[in-house]
Amino acid sequence: MSEQSVKDIEKINTLNTEQIVKYRNVTKSFGDFHVLKGINLDIYSGEKVAIIGPSGSGKTTIIRMLMTLEEPTSGDIIVDGKNLWKMKRNGTSIPANEKHISELRGNIGMVFQHFNLFPHMTILENCMVAPIHVKKEDKKEVQERSIQMLERVGLGNKLNFYPSQLSGGQKQRVAMARALVMRPKIMLFDEVTSALDPELVGEVLEVIRDIAHNDDMAMILVTHEMDFALDVADKVLFLDQGVIIEQGTASEVLEHSKNERVQAFLRRFRKI
Amino acid sequence: MNNGWKWENFFEAFPLILKGLGATVGLTFACFAFALIFGFVWIFLKHIPNKPFVWTVDWIMIFIYSTPPLVQLFFIYYALPMIPVIGVTLNPFICAVLGIGIHYSTYISEIYRSGIESVDKGQWEASKALNFSAFDKWRKIILPQAIPPTIPMLGNYLIIMFKEVPLASTVGVAGILTIANSYGALHFAYLEPLTIVGIIFLTLSYPASILIKKLEVKMNTRFDKNTIIAKPNKKVHKKMNFERSDHIV
């Protein structure tokens, strides 16, 4: 083995042992309703994590807090070694300001259940607007990259279409391209196939599978597609009533779980 | 008493009054432009995250739109110069723009607000997920979606303001009404000149309101598939094809 490749492997190893996201005793309440009750979770660079569980169990809230769309009630979320919601000033910990949050938020991208494409822009503009205005990147380079990304998700022939002219599956693929063009270290997928007609689910999962296998970013998928989770996820979390009741490799949780609640949930799922 | 309709008065007064139309229309647009900009100022103030401050702003707005514009105009023209320290005497035109403009800016800011509220919650979340700054979020994502649907409503306010602008004659800004009035006083013939003023307002306001109705239909269908297919973005397409082929070669 050459010296170079040994170095490469060492580099990959150190990368893989680095926790890019840590949740420590994170809770979230909406009024009297306790959505999450003490979440502890480690996500390593490049790791693909699927979160499953019954609806209302708080799956989406976990990733929405990471995207800074919700603020945790207590606990810490550490992104890339820095506390997402808190910062230090004069030795004491204070709520983070927008500058601190936006710096860390730049590491994270998200794909939404309802796509949330910008309707007043073509799909190419949808992909280009953030790299140009947020990251101040060169317009020409961004355009090229956006076109490549849209080609990758199979929409290279629809660059000048508006979102309203596309099907749900196409819109969701644009949303993924839009997030990927920002080159996040962590990608969040919030039930991305739940709002789609059944015949359109496949094309979207195909794109995610492609990303999961070929890109080295960490991914957190909130999903109801069990077979898909089994295929792409390194780790699966089962969440019920705001608590992670089981976590492990995909096959441990989805095929050989000893936990009764997990088994009951999966049985119900398989019956449908 | 000089009673009855006289066509000679009508034809004599008409060109004189028409000369004042430029001033009236000019003042209308000045007031409207001021109200459009100041409407944004209200929105901006109301988005400052400080509750007591926002309540104060709310009450100021309620005070402004609950008082007649004429009173506000008189206040700015007659009362403002008498306030110690900050009191200033402004020329009548500026007074009229401020008085009418500020009054209607409160209505216009409500229109903006309705437009902003009609923007889907997901658009705010997507802007956040893509890490937009507050300024770029408003400029690139929220306002381009919030404002176009309100254009017909804004147009209605332009017509309403056009009809309110004669108020400015009370502080000495000349317009078609002022000219008609002085013609009436000079010849003691008010019937013809004031009828002319009415005709002028009608001939401008009514077609404008029809135009706005059409605009409304257009705006309501702007994201429909057919309208967009009817006008593809040719410029970008051409540029792109060129650059693509360039890239492949």
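Note: hydrogens, waters and symmetry copies are ignored here, and every other heavy atom, side chains too, is used. In what follows, chains are A, B, ... by sequence order, proteins preceding strands, each numbered from 1. Every value quoted in this text rests on a predicted model; they were computed, and no experiment measured them.
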message: Are A/Ile63 and A/Met67 packed together at the side-chain level, in the sense that at least one heavy-atom pair is separated by less than 4.5 angstrom?
response: no
field: Neighbour count above 12 (heavy atom, 6.0 Å) for A/Lys88 NZ
entry: no
query: Do B/Phe201 and B/Ile176 touch side chain to side chain, with heavy atoms closer than 4.5 Å?
result: yes
- prompt: Side chain, backbone, both or neither: which part of A/Leu117 has an atom under 4.5 Å from a heavy atom of chain B?
  reply: backbone
query: Among residues 24-53 of chain B, which ones touch chain A with a heavy-atom distance under 4.5 Å?
result: none
query: With chain A, which of B/Ser127, B/Gly122, B/Pro148 has the greatest number of heavy-atom pairs at distances under 4.5 Å?
result: B/Gly122
- prompt: Hey, is the main chain of A/Leu239 close enough, under 3.5 Å, to the side chain of A/Lys59 for a donor-acceptor pair?
  reply: no
- prompt: Which bit of A/Arg178 is near chain B, if near means a heavy-atom gap under 4.5 Å: side chain, backbone, both or neither?
  reply: both
field: B/Val119 side chain reached by B/Trp124 side chain, heavy atoms, under 4.5 Å
entry: yes
- request: Would you please test A/Glu71 and A/Lys28 for salt bridge (Lys or Arg N to Asp or Glu O under 4.0 Å) and show each step?
  value: CA-CA 8 Å; A/Glu71 193 170 347; A/Lys28 176 69 187 174; over 6 Å; no
- prompt: How would you list all residue pairs meeting ring pair (Phe, Tyr, Trp, His ring centres under 6.0 Å) that involve residues 98-118 of chain A, not counting sequence neighbours?
  reply: none
query: Thinking salt bridges, do A/Lys48 and A/Asp215 make one under a 4.0 Å N-O criterion?
result: no
message: I'd like to know if the side chain of A/Asn160 pairs up with that of A/Thr122 as donor and acceptor (distance under 3.5 Å, no hydrogens or angles considered).
response: no
query: Is any residue of residues 129-142 of chain B within less than 4.5 Å of chain A by heavy atoms, and which ones?
result: B/Ala129, B/Leu130, B/Asn131, B/Phe132, B/Asp136, B/Arg139, B/Lys140, B/Ile141
message: Counting neighbours of NZ on B/Lys214 that are heavy atoms of other residues, nucleotides or ligands and sit closer than 6.0 Å, is the number greater than 12?
response: no
message: Check whether A/Glu70 reaches the backbone of A/Thr61 with its side chain - one donor and one acceptor, N or O, closer than 3.5 Å.
response: no
message: With heavy-atom distances below 4.5 Å as the criterion, would you say the side chains of B/Ile62 and B/Ile64 are in contact?
response: no
field: Neighbourhood of chain A inside residues 100-114 of chain B, taking heavy atoms under 4.5 Å as contact
entry: none
task: Indicate yes or no: at least one non-hydrogen side-chain atom of A/His224 is less than 4.5 angstrom from one of A/Ile52.
output: no
query: NZ of A/Lys86: more than 12 outside heavy atoms within 6.0 angstrom?
result: yes
